[in-house]
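Structure record follows, encoded as structure tokens.
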Number of protein chains: 2
Amino acid sequence: MTKARVTVIDIAKAAGVSKSTVSLVLQGSSLVNEGTRSKVNAVMRELGYVYNRGAANLRQAGAKSRIVGVVVNDLTNSFFAELAVGVDMVVQSAGFVQFLSNTGESIDRQREVVASMREHGISGLIVSPARATDAADFKPLVAAGIPVVVVVRNLPGAKVSSIVSDNRAGMMSAVRHLAGLGHKRIAFLGGFPDTAVFDDRLAGYRSGVEAAGLDYHEELVISSAPSRAGGVEAIGKAIALARRPTAAVCFNDAVAFGVCDGLRARRLEPGVDFAVVGFDDVIEAQAAVPALTTVSVDPQGIGRRGAQMLLKQINAGKAEAETVTTAVRLVVRESCGAGRAAPARTGKSVKSKQDAE
Amino acid sequence: MTKARVTVIDIAKAAGVSKSTVSLVLQGSSLVNEGTRSKVNAVMRELGYVYNRGAANLRQAGAKSRIVGVVVNDLTNSFFAELAVGVDMVVQSAGFVQFLSNTGESIDRQREVVASMREHGISGLIVSPARATDAADFKPLVAAGIPVVVVVRNLPGAKVSSIVSDNRAGMMSAVRHLAGLGHKRIAFLGGFPDTAVFDDRLAGYRSGVEAAGLDYHEELVISSAPSRAGGVEAIGKAIALARRPTAAVCFNDAVAFGVCDGLRARRLEPGVDFAVVGFDDVIEAQAAVPALTTVSVDPQGIGRRGAQMLLKQINAGKAEAETVTTAVRLVVRESCGAGRAAPARTGKSVKSKQDAE
DNA sequence: TGACAGAATTGGAACGTTCCAAATACTTAT
DNA sequence: ATAAGTATTTGGAACGTTCCAATTCTGTCA
């Protein structure tokens with residue numbers, strides 16, 4: 001086992017050519033003679049050469065490290081794991097590798113990992129920002145010409161590309177569906193008001209309510225942590241209302257599950273005594289009892305699109321900030337009570353590819 | 001916005017010192033005068049200097065890139081997502097970054113990403129190998145002095161460190177528990193037979209069956225994809241058996257969930273009409289309905305331990321191959337029917353000090 | 001004042017690649 | 001056989017850092 005690294009010079013020597021030629025071979029240049037090429041390749045294989053991207057990258061002055069950074073706020077949430085997988089797919093097949101880090105919603109950690117990634121010379125960054133991330137945090141990156149794509153949560157004020165799902169339309173269709181089932185008082189439960197996503201979903205709720213010819217009541221909007229526990233809390237307050245709602249759209253699926261828990265604790269059966277609709281369509285949604293009616297947003301698709309967008313910008317060399325919102329669709333299952341109240345409308349619950357494997 | 005990179009030389013010039021001094025500051029050397037240090041630091045901040053690890057790494061001839069590679073076979077499985085988070089935690093706080101890739105069980109892809117990581121100069125690798133990985137695939141890495149830690153699935157024959165959970169003991173305790181509840185025909189469902197993990201779990205099942213004084217029947221072992229869909233398929237076959245089983249231990253939680261789905265599709269209630277036990281204790285296990293009785297393995301803990309092991313080897317410079325198997329414990333919930341059938345026996349899961357950390 | 005010891009600083013020379021301009025090797029047409 | 005091409009090959013000179021040996025700066029002591 002030779003301890004020393006095999007370099008391009010070693011190859012050159014062994015193959016009886018110059019290092020420049022070897023370099024040409026490495027880059028698949030058409031300038032080099034077929035015979036030479038194969039000889040060099042043979043020698044490389046024989047000596048167990050491994051390319052040193054660091055060195056190459058140094059010479060090529062930035063731009064093409066073939067590394068993209070991926071930063072997510074909660075990898076244990078399967079939503080984001082899926083997203084990372086989507087990114088990895090396209091990034092990998094484009095010959096890049098992904099640097100993935102998890103911030104766990106900590107802005108400090110986010111700052112650290114982004115800095116670290118920068119030191120390593122990433123050629124682009126995909127990030128689902130931690131809560132309360134300052135848009136200015138990514139300023140230096142774009143100033144340095146490193147494309148940034150923000151996903152899932154947008155960052156108002158930052159001049160970067162972003163992909164978010166159509167929160168507004170999603171919420172609207174959820175409300176429309178419930179109204180169509182005859183519900184008059186529909187609550188909006190869960191979520192922290194200090195996020196852009198919350199604003200969008202709330203706006204969608206409001207539009208939906210008004211479009212259905214109902215009145216928008218402030219008291220029916222009850223925020224809470226976007227978690228199962230938060231859902232329990234929110235439904236508690238909703239039930240305590242003088243004029244209690246008969247249905248609710250929830251900030252996300254976690255909240256929706258909590259709402260179901262809370263209902264059962266009060267001897268109310270979700271989907272029967274009270275209609276519940278979630279948002280995200282996490283994997284558990286279809287297996288839960290009752291199966292959750294929810295707005296489906298394909299995280300892996302977002303990952304793929306984000307990666308494509310990023311690669312495009314990397315290749316273009318110029319970062320044209322563009323914003324796309326991906327379509328979502330309501331998946332009607334049981335928790336909204338559609339099954340019994342209005343059998344018609346049931347829209348084909350989607351076949352889930354996730355379980356296919 | 002200067003387009004050109006700010007280098008150590010620019011800093012030197014601006015601070016009126018030599019590049020060597022700047023380098024010293026960068027490394028926190030005690031040789032440099034306090035005044036100089038702070039001036040240099042100030043200038044660095046002012047000019048927006050970013051350290052170029054590639055260049056540094058080039059000079060420092062290998063060894064210390066501060067990158068660890070993490071390769072998992074299925075990131076969409078929250079088990080592995082958790083594992084990656086565990087790795088990230090310790091790796092990050094040690095000042096490393098993680099290169100994470102997903103192979104999706106493809107050996108080719110695995111080969112690609114490992115090669116790519118090597119080119120990027122990782123200083124160590126943590127891998128949960130894709131099915132049917134050849135132990136020889138990692139030979140070149142260790143020959144080059146790059147520590148490798150294999151997790152979750154072991155790689156017989158490879159001279160690398162590994163961390164696996166105690167699959168045998170886990171399955172045994174699951175079977176013992178079911179037998180204690182009075183079950184006589186217990187099936188083993190799911191998993192691909194060509195993996196070491198499968199062998200271990202099956203061996204544990206067999207030992208458990210025999211230890212309980214029951215007979216081992218080949219027909220009760222039904223393999224399938226280790227996924228939810230696979231579980232549905234497997235329980236279908238099990239139910240079709242002439243002498244149908246009354247309980248099943250499953251290859252993993254995904255299979256177990258599938259088994260529950262399949263049962264319900266046949267109007268059987270898991271935990272009531274049929275006992276189901278999983279393996280892994282993924283996050284969803286406790287929230288599911290019915291809550292899944294399963295063997296808990298703490299993937300995040302494995303990730304952390306694996307990372308620690310790797311860092312130790314990286315720092316030691318020498319890769320002493322060691323193997324540890326982490327303890328597991330049965331978590332009794334609802335899906336096994338323990339609640340009603342035989343409240344007694346509920347076993348005292350093995351307290352594992354190893355997981356204490 | 002000179003010598004001496006630290007303390008602090010500094011100019012190259014690497015590291016392994018790519019790029020450039022220039023050199024050499026072949027063809028083909030004259 | 002020679003000029004003009006075309007196809008290949010090739011020595012440096014970068015890239016941004018760290019390391020080494022050597023230098024300059026302090027102060028102290030005789």
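Owing to the predicted nature of the structure, the values given are computational and were not obtained by experimental measurement. Chain naming here is simple, since letters A, B, ... match the order of the sequence lines and numbering starts at 1 in each.
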Does [N] have its OP1 or OP2 closer than 4.0 Å to a side-chain nitrogen or oxygen of [X]?
| X | N | value |
| --- | --- | --- |
| A:Q27 | C:dT17 | no |
| B:T21 | C:dT9 | no |
| A:Q60 | D:dA14 | no |

_First of B:T36 and B:A55 reached from the 5' end of DNA chain C, by closest nucleotide_ =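 Taking each residue's closest nucleotide, the earlier one in sequence belongs to B:T36.
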Specify the separation, in whole Å, of atom [atom1] of [X] and atom [atom2] of [N].
| X | N | atom1 | atom2 | answer |
| --- | --- | --- | --- | --- |
| B:N57 | D:dG16 | CG | C1' | 12 Å |
| B:I9 | C:dT10 | CD1 | C1' | 13 Å |
| A:N52 | D:dT17 | CG | C1' | 13 Å |
| B:L58 | D:dG16 | CG | P | 12 Å |
| B:L31 | C:dT10 | CG | P | 13 Å |
| A:K13 | D:dG11 | NZ | P | 12 Å |
| A:K39 | D:dT8 | NZ | C1' | 14 Å |
| B:I11 | D:dG16 | CD1 | P | 12 Å |

Minimum-distance nucleotide (side-chain atoms of [X] versus [options]):
| X | options | result |
| --- | --- | --- |
| B:L24 | C:dT9, C:dG12, D:dT9 | C:dT9 |
| B:T7 | D:dT18, D:dG16, C:dT10 | D:dG16 |
| B:K19 | D:dT9, C:dA8, C:dG12 | C:dG12 |

*Which residue, A:R37 or B:Y49, contacts DNA chain D at a nucleotide closer to its 5' end, judged by nearest heavy atom?*
A:R37
_salt bridge (charged side-chain N to carboxylate O under 4.0 Å, His left out), that's the test. Do A:E105 and A:R131 meet it? Break it down for me._
CA-CA 6 Å; A:E105 297 289 7; A:R131 267 179 56 219; 5.7 Å; no
*Indicate, with a heavy-atom threshold strictly under 4.0 Å, whether A:S20 touches base, sugar-phosphate, or nothing.*
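Base contact - A:S20 has a heavy atom under 4.0 Å of at least one base atom.
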*What nucleic acid atoms does B:S23 come within less than 4.0 Å of, heavy atoms only: base, sugar-phosphate, or nothing?*
base
*Are A:K312 and A:E322 close enough for a salt bridge, meaning some N to O gap below 4.0 Å?*
yes
*Find out whether A:V50 and A:V6 are in side-chain contact, i.e. whether some heavy atom of one side chain is under 4.5 Å from a heavy atom of the other.*
no
_Closest approach of A:D10 to A:R5 (non-hydrogen atoms, all atoms of both residues)_ =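 So the minimum-distance heavy-atom pair works out to OD2-O, 3.6 Å.
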*Closest contact, heavy atoms only, A:S65 versus A:G121*: OG-O, 2.5 Å
*So does A:S18 reach the base of D:dG11 with its side chain, donor to acceptor, closer than 3.5 Å?*
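Checked by distance alone, the answer is no.
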_B:R59 (side chain) and D:dT18 (base): donor-acceptor pair under 3.5 Å_ = yes
